[in-house]
Amino acid sequence: MGAQRYWLMKSEPTAFSIDDLIRAPNHATYWDGVRNYQARNFMRSMAVGDHVLFYHSNTDPPAVVGIAEVVTTAYPDSTQFDKKDKHYDPESKPSKPRWDMVDIRFVRKFVRPLTLDELRKEPTLKGMVLLQKGSRLSVQPVSPLEWRHIMKLAED
DNA sequence: GCCAACGTTGGC
DNA sequence: GCCAACGTTGGC
């Protein structure tokens, strides 16, 4: 199998929305706060240039709202060492950081959000990690087939 | 706001 | 190593 090139990353729009990404300097940001090992490992396997579906979670309606791209490989998430940060991890040592982040940059916003409901109706997307029962991974792989299908949906 | 599903922690 | 308790995620 070739390298994984497509991903999906979740964000609560009240915390950080795709419009926040558009407004950010260079339309880019660091993706901090991931505190799940599986999600972290996916970030560690990202390469510069990989493409990312930007997903709004915990909102009405939850939806894929656009595309970003990976602009750095994984590096230590500084918030893990910041006592005042919500994501502070007292167990993590600067000599051996536990949590990583990547930088992503805005690519485009869909003319309309592709809602979770709509995605569920697509047989091609049945296997998407996002659509699996109980799936909560905030960083997850997307297959080339799923990616292409979502790009088609986004054209309409 | 509710709560099911999941991941992590810690007592044993 | 098991598993109950707990905290979190995120759809609804």
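In what follows, chains carry the letters A, B, and so on, assigned in the order in which the sequence lines appear, proteins first and then strands, with residues in each chain numbered from 1.
By the criterion of side-chain heavy atoms lying less than 4.5 angstrom apart, applied directly or through intervening Ile, Leu, Val, Met, Phe, Trp or Tyr residues, A:Met9 is grouped together with A:Ile22 in one hydrophobic cluster. A single hydrophobic cluster is seen to contain both A:Leu125 and A:Leu116, as judged by linkage of ILVMFWY side chains at heavy-atom distances under 4.5 Å, directly or through other members. Linking Ile, Leu, Val, Met, Phe, Trp and Tyr whenever their side-chain heavy atoms come within less than 4.5 Å puts A:Val102 and A:Leu21 in one cluster.
Mapping heavy-atom proximity under 4.0 Å, the span of DNA chain B touched by chain A runs 5' to 3' from B:dA5 to B:dT8.
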* Check the pair A:Arg35 / A:Asp89 against salt bridge (charged side-chain N to carboxylate O under 4.0 Å, His left out), numbers first and verdict last. => CA-CA 9 Å; A:Arg35 295 295 182 268; A:Asp89 182 354; 5.5 Å; no
* **Worked check of salt bridge (charged side-chain N to carboxylate O under 4.0 Å, His left out) between A:Glu118 and A:Arg112** => CA-CA 12 Å; A:Glu118 180 180 356; A:Arg112 63 187 182 86; 3.0 Å; yes
* With salt bridge (charged side-chain N to carboxylate O under 4.0 Å, His left out) as the test, would you mind laying out the steps for A:Asp20 and A:Arg23 before giving the verdict? => CA-CA 5 Å; A:Asp20 292 325; A:Arg23 283 190 293 263; 2.7 Å; yes
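Nearest-nucleotide mapping onto DNA chain B: of A:Glu91 and A:Lys133, the residue sitting toward the 5' end is A:Lys133.
The stretch residues 51-64 of chain A has no heavy atom under 4.0 angstrom from DNA chain B at all.
When ring centroids are compared, A:Trp99 and A:Tyr30 stay outside the 6.0 Å threshold.
Note: A:Phe54 and A:Trp31 have perpendicular aromatic rings, judged against thresholds of 30 and 60 degrees for the angle between ring planes.
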